[in-house]
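Starting from 1, each residue takes its place in the sequence as its number. Both ligands and their constituent atoms are indexed starting at 1 by order of listing. As the structure is a computational prediction, the values presented were derived from the model and not from experiment.
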Amino acid sequence: MIHEQPATPSYFFHGGFIDLGQVIKGAFKNCWEAIGNSKDGLVEQWGEIVDKIRYSGIKGIFTSIPNIFLVTFYLMRLIATAAFTPIVCFSITAIQIALLVLFFLLLLFCFLFITILDMIYCHAKAIASHCPVCQSKFSMPVYICHECGEEHDRLRPGYYGILRRECDCGAKLSTTFFNGREKLKAICPACKGYEIKGGGLHASWSIPVVGGPNSGKTCYINMTVMSLEKNAQKYNLSFEHVKTGRDEYEQNSQSLLKGYLPQKTEDRRLNYYQFYLTPKGATKQQVSLCDVAGELFNINDVSSDNINTQLGFRYSNAFMLIVDPLSIPMYREEVSKTTDLKNYKGSAQPIEEMLDTFIRTLQNIFGATDKDMRNTDVAVVFTKVDIPGLAQKIGDSAVNKIAPSLEMKVRYKIQNELCQQFLHEYEEDNFYNRLKSSFKNIQFFTCSALGHVKNGQPFVASNVEEPLLWLLGNKSSVLDKATKKITIKGG
Ligand SMILES: Nc1nc2c(ncn2[C@@H]2O[C@H](COP(=O)(O)OP(=O)(O)OP(=O)(O)O)[C@@H](O)[C@H]2O)c(=O)[nH]1
Ligand SMILES: [Mg+2]
Ligand SMILES: [Zn+2]
Ligand SMILES: [Zn+2]
């Protein structure tokens, strides 16, 4: 079915067929005209002969000799036109039709070729966008005509044109990325309230950051984005923060640089921190790290903006779980004997409850099947490893002690074992088992978003990029190649 667009149908699909009909009609019209003329001439001359003989008798035969010649001429012409002209007309028409059909087939081939090429291109490059306003995901934005502002919601090769289409206002619009569709202004097709950067020519990876109140999500997200902004060039990646007008990156990064802490997140809607992280020469890779108030993962949350309303969870590509070690009661109690924990602001929400709310929402509200869950990558990040003694238990120091080699696979395995051991030691087996039984591809990480408690000095993050790069590498083939070189910790 053709979805109506504010554009003129393509000649190929519309005018072309009308012209083909005209050619056939026109050719046979000429043919019938020639036969009709001969017949009329014959009838007229024959009538004159009959009249002359009737009025002049034998003499009339002599005076009608010219008419006899003309009758013979028209008779011959009639025979010729009746017998040969249709053959000639038919042959010429057949040649014309054959040429037109050939032309159409050629165009059809071009149309299919370009359509398939466009589809393959978009699929291979994972072209998509995530809207930070309405949280939807889509691969085809609505494009706006640069002349009249009319909205084209299916600007692709088709009925209205193969490589270009003519808008109702007369402007020519490109229908593929090969000839500049991305230069047009693009907006989100769901809410129409957000302009998609770069005309939608990018892959998009959305990763909600899940964790209870005070667990460290906002610190982690902001310090990770800051860290990538600083280090991207070193990794041969280009970084560009996308100003959506929704995140608090500018003020948070400024505060963190001066040693101030970000505000507690009040917003219960996913807050998209979007940026491009692209290897040289590759299609732009848009990344969204989604922050939210930790109260969203409270099992008893009955507010109108509760977790069930956050569509972004459905359209995400992977998840990051922030685990505050201080939310583990036994560990908290142990460490509180030697360290003043006031400034670490430990999260009071049990991690098992946070995980349970999250998994239940995915399954019951967003219809994630067991298969979907198994195919979802989850990075489980222990943050605040600047807590004295923690790095020696699960952090870099512990991994280095067991596996000083730089072999990434081995280090990741050791990291998983250390975290599992830690969870077991502090009686969080339920959390671990629930994680393992729900998701297949889980990797544990440890990091410190701030490096130290608030003491007036700028915060210094460590290992914050790694979990994100691991998730992105699993999703994006172009980032996989680039990040493989980076996700190795120094031994
Ligand atoms: N020492 C230390 N403290 C941290 C670290 N990360 C977070 N914190 C502390 O934990 C507090 C809460 O961190 P946030 O990032 O605001 O926590 P959140 O998960 O965003 O919390 P909500 O916004 O309530 O959901 C911070 O104010 C810091 O005091 C860290 O890496 N090291
Ligand atoms: Mg927060
Ligand atoms: Zn227009
Ligand atoms: Zn939208």
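In this structure, Ser215 has a heavy atom closer than 4.0 Å to ligand 1. The shortest heavy-atom distance from Ser347 to ligand 1 is not under 4.0 Å.
From the protein, the heavy atom lying nearest to atom 22 (P) of ligand 1 is Lys264 NZ, 3.4 Å. At the shortest separation from atom 27 (O) of ligand 1 among protein heavy atoms lies Lys345 NZ, 3.4 Å. Of the protein's non-hydrogen atoms, the one nearest atom 12 (C) of ligand 1 is Asn214 OD1, 3.3 Å. Protein heavy atom at the shortest distance from atom 16 (O) of ligand 1 is Thr218 CB, 4.1 Å. The nearest protein atom to atom 14 (P) of ligand 1, hydrogens excluded, is given as Gly216 CA, 3.7 Å; this is a heavy-atom distance. Scanning the protein heavy atoms around atom 28 (C) of ligand 1, the nearest turns out to be Leu261 CD2, 3.8 Å. Here the protein heavy atom with the shortest distance to atom 4 (C) of ligand 1 is Leu450 CD1, 3.3 Å. Closest to atom 18 (P) of ligand 1 among all protein heavy atoms lies Lys217 N, 3.5 Å.
Near Ser448, meaning under 4.0 Å from any of its heavy atoms, are these atoms of ligand 1: 31 (O). Remark: ligand 1 atoms within the under-4.0 Å shell around heavy atoms of Gly294 are 22 (P), 25 (O). Using a 4.0 Å cut-off to heavy atoms of Ala293, the atoms of ligand 1 that qualify are 25 (O). Close approach of ligand 1 to Val292 (heavy-atom distance below 4.0 Å) involves ligand atoms 25 (O). Applying the 4.0 Å criterion to heavy atoms of Thr265 picks out, from ligand 1, the atoms 20 (O), 23 (O). Set against the non-hydrogen atoms of Thr383, the atoms of ligand 1 under 4.0 Å away are 31 (O). For ligand 1, the atoms closer than 4.0 angstrom to any heavy atom of Asn343 are 29 (O). Remark: ligand 1 atoms within the under-4.0 Å shell around heavy atoms of Ala449 are 31 (O).
No side-chain donor-acceptor contact under 3.5 Å links Trp205 and Gln286. Side-chain atoms of Gln254 and Tyr260 form no donor-acceptor pair, as typed in the model, at a separation below 3.5 Å. The closest side-chain donor-acceptor pair between Ser448 and Asp386 falls under 3.5 angstrom. Of the N and O atoms on the side chains of Tyr331 and Glu428, not one donor lies less than 3.5 Å from an acceptor on the other residue.
Results of the side-chain hydrogen bond (donor to acceptor under 3.5 Å, both in side chains) test with Gln274 over Ser288, Ser129, Ser206 single out Ser288 as the only residue that passes.
Salt bridge annotation for Glu407-Lys413: absent, with no cationic side-chain nitrogen under 4.0 angstrom from a carboxylate oxygen. A salt bridge links Arg360 to Asp356: at least one charged side-chain nitrogen sits closer than 4.0 Å to a carboxylate oxygen.
Judged by a 6.0 Å distance limit and a 45° cone about the ring axis, Lys284 is positioned over the six-membered ring of Tyr276.
For atom 9 (C) of ligand 1, the choice among Phe297, Tyr344, Tyr220 with the nearest heavy atom turns out to be Tyr344.
Residue contacts to the Mg ion (ligand 2): Gln263 brings no N, O or S atom closer than 2.8 Å.
In this structure, His241 has its ring center under 6.0 Å from that of Tyr249. In this structure, His130 has its ring center at least 6.0 angstrom away from the ring center of Tyr315. A ring-centre distance under 6.0 Å is not found for Phe445 and Phe382.
Crowding of Met330 atom CE: a count of heavy atoms from other residues, nucleotides or ligands under 6.0 Å exceeding 12.
Annotation: Pro213 places no N or O atom under 3.5 Å from an N or O atom of ligand 1; distance criterion only. Residue Glu295 places no N or O, backbone or side chain, under 3.5 Å from any N or O of ligand 1.
Ring orientation note: the planes of Tyr412 and Trp470 are nearly perpendicular, at an angle over 60° on the 30°/60° scale.
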